[in-house]
Protein chains: 2
Amino acid sequence: MTGTQSPAEATGPGPDHSTGPGGHPIRVLLAEDQSMVREALAALLGLEPDIEVVAQAARGDEVLAAARAHDVDVALLDIEMPGRTGIEAAAELRAALPELKVVVLTTFGRPGYLRSAMEAGAVAFLVKDAPAAQLADAVRRVLAGERVIDPTLAAAALAEGANPLTDREREILRAAADGATNAELAAALHLSQGTVRNYLSTAIQKLAARNRAEAVGIAREKGWL
Amino acid sequence: MTGTQSPAEATGPGPDHSTGPGGHPIRVLLAEDQSMVREALAALLGLEPDIEVVAQAARGDEVLAAARAHDVDVALLDIEMPGRTGIEAAAELRAALPELKVVVLTTFGRPGYLRSAMEAGAVAFLVKDAPAAQLADAVRRVLAGERVIDPTLAAAALAEGANPLTDREREILRAAADGATNAELAAALHLSQGTVRNYLSTAIQKLAARNRAEAVGIAREKGWL
DNA sequence: AGATCGTGGTGACAGATGTCATGCGGGAGG
DNA sequence: CCTCCCGCATGACATCTGTCACCACGATCT
């Protein structure tokens with residue numbers, strides 16, 4: 001199925017070839033920090049006659065400007081990016097360009113991510129280990145007004161329930177993630193050591209962990225960090 | 001801000017690297033667990049007239065069989081894969097098919113990974129946030145007998161020095177990574193609790209960490225885990 | 001033969017961590 | 001109004017963790 005020609009550059013002068021649903025090719029913004037992956041995805045989408053990658057971003061904080069500059073129909077956002085996460089960028093896009101359809105694309109199918117993405121205004125959520133064909137498919141479907149979400153993940157997200165951690169607990173757990181001691185956490189967050197230990201203790205119990213390290217692992221896995 | 005210049009393509013008056021050993025297109029095996037990324041990379045390589053992706057693998061333990069079945073010239077291996085890491089798969093390939101050129105491709109430019117990859121017989125080491133053009137380029141160059149390594153990373157790998165941890169220390173640190181307690185580690189590894197603590201203590205000191213959590217983080221970052 | 005190193009162990013000790021009871025003040029909601 | 005919950009704090013207590021000294025065996029190297 002890789003019998004296509006046209007090695008034209010993705011960001012190059014787009015000749016109007018075959019038409020998409022709206023009459024013009026679908027204009028896509030692709031945001032992903034790893035260039036090799038980003039350009040590979042662009043190549044993949046470039047094989048579709050009705051899709052055109054008109055802009056690329058390597059950082060979350062470049063997304064909004066790029067979307068504005070290129071009159072984009074659909075934005076494909078990776079979550080893990082420097083500058084701003086794809087989720088934050090999605091929220092920004094929704095505020096500034098409500099017409100734009102946002103697809104969140106991620107390595108980790110964490111239920112908490114799905115939840116946050118939907119709350120940030122995304123209309124599709126794809127994991128990178130889904131078949132590649134789903135990517136172009138999702139682009140077309142969101143433009144048609146559909147939402148695209150892996151049903152398994154959706155079920156998992158509902159089953160998990162919401163994040164049980166309070167803001168403070170999450171903040172402290174995040175700060176503790178890289179091995180800081182209680183004293184350092186207390187200093188960094190302007191709290192007493194006892195308070196830090198209390199928050200950590202309740203977080204550990206809420207997550208059914210046996211110590212802070214496991215708590216960090218669980219929270220991370222569920223996308224609650 | 002990846003200013004990729006020199007998009008020189010194979011049709012130009014360059015060196016004679018437009019075909020594989022027998023005059024046929026270069027036969028490539030692509031191993032990467034995330035289908036979307038794998039198929040996207042395949043699409044990218046498919047744009048090159050002298051390269052053909054003849055086999056794909058989604059798991060490390062499928063690599064050898066796939067390479068054998070398709071008479072492959074170059075194997076492109078991701079490191080993080082289920083079943084077997086790309087590094088382990090590289091060692092396996094060198095033992096079974098010494099002619100085959102192995103390119104290791106990874107998300108994380110950890111010096112320890114580079115070192116392990118080279119020891120496992122890889123002849124090229126690419127990070128996924130390098131420009132996409134380097135991928136096809138590396139494939140051609142390894143087939144021509146060159147080694148392809150990012151000089152910055154090579155310098156970092158030399159500067160880091162070798163992994164200071166003994167086998168046992170690494171094993172215990174790895175087991176401790178997800179929050180197990182000393183008692184659990186002792187039980188799992190058939191050691192006494194005191195021994196576990198001794199090993200952990202020396203590992204913490206070797207890595208200049210302040211506790212096991214930080215030690216795990218440092219070891220992971222350097223690719224020593 | 002002696003020195004070194006990795007592995008495995010013990011005992012002791014200080015300090016870090018996790019738990020619990022308890023207190024206070026403020027905001028949200030019945 | 002009163003209660004519940006969150007943020008913040010303290011003190012006390014038990015356990016876990018990290019460090020240190022010291023021992024023993026086998027392999028390796030000089």
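In what follows, chains carry the letters A, B, and so on, assigned in the order in which the sequence lines appear, proteins first and then strands, with residues in each chain numbered from 1.
Side-chain atoms of A/Lys128 never come within 3.5 Å of backbone atoms of B/Val37 as a donor-acceptor pair (strictly under, hydrogens ignored). In this structure, the side chain of B/Glu160 does not engage the main chain of B/Ala157 through any donor-acceptor pair within 3.5 Å. For B/Gln34 (side chain) and B/Met36 (main-chain N/O), no donor-acceptor pair under 3.5 Å exists by modelled atom type.
Remark: the A/Thr85 side chain and the A/Glu80 side chain contain no N/O donor-acceptor pair separated by less than 3.5 Å.
In terms of heavy-atom proximity, A/Leu153 sits nearest to A/Gly109 at CD2-O, 3.2 Å. Taking both residues in full, the closest heavy atoms of B/Ser35 and A/Ala130 are given as CB-O, 3.6 Å, listed atom of the first, atom of the second, then distance. Scanning all heavy atoms of the two residues, the minimum distance from A/Leu29 to A/Ala67 falls at CD2-CB, 4.0 Å. Nearest heavy atom pair, residue B/Phe125 against residue B/Ile79, reads CE1-CD1, 4.2 Å.
Using a 4.0 Å cut-off on heavy atoms, none of the residues of residues 216-225 of chain B approach DNA chain C. For the contact set between residues 186-211 of chain A and DNA chain D, defined by any heavy atom under 4.0 Å, the members are A/Leu191, A/Ser192, A/Gly194, A/Thr195, A/Arg197, A/Asn198, A/Tyr199.
Residues that satisfy the salt bridge (Lys or Arg N to Asp or Glu O under 4.0 Å) test with B/Arg210, not counting sequence neighbours, are A/Glu184, B/Glu214. Residues satisfying the side-chain hydrogen bond (donor to acceptor under 3.5 Å, both in side chains) criterion with B/Glu39, sequence neighbours excluded, are absent altogether.
One interatomic measurement links the two molecules: CD of A/Glu169 to C1' of C/dG18, which rounds to 15 Å at whole-angstrom precision. For A/Arg212 and D/dC16, the CZ to P distance is 15 Å, given to the nearest whole Å. One can place CG of A/Leu173 at 11 Å from P of C/dG18, the figure rounded to the nearest angstrom. Taking atom CD1 of B/Ile172 as the reference point, atom P of C/dG8 lies 8 Å away to the nearest angstrom. C/dA16 atom P lies 14 Å from atom CD of B/Glu214, rounded to whole Å.
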Heavy-atom contacts, protein to nucleotides 25-30 of chain C, under 4.0 Å, summarised as B (base), S (sugar-phosphate only) or - (none) per nt, yield ------

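Within the structure, a side-chain polar atom (N or O) of A/Asn182 is placed less than 4.0 Å from OP1 or OP2 of C/dT17.
The terminal axes of the helix from C/dA1-D/dT30 to C/dC24-D/dG7, fitted over 5 pairs per end, subtend an angle of 40° to the nearest 10°.
Considering only the side chain of A/Thr166, D/dG7 comes nearest among D/dG7, D/dG18, C/dT7.
Between atom CZ of residue A/Arg174 and atom CD of residue A/Glu169 there is a gap of 12.0 Å, rounded to the nearest 0.5 Å. Rounding to the nearest 0.5 Å places CD of B/Glu119 at 10.0 Å from CG of B/Leu114.
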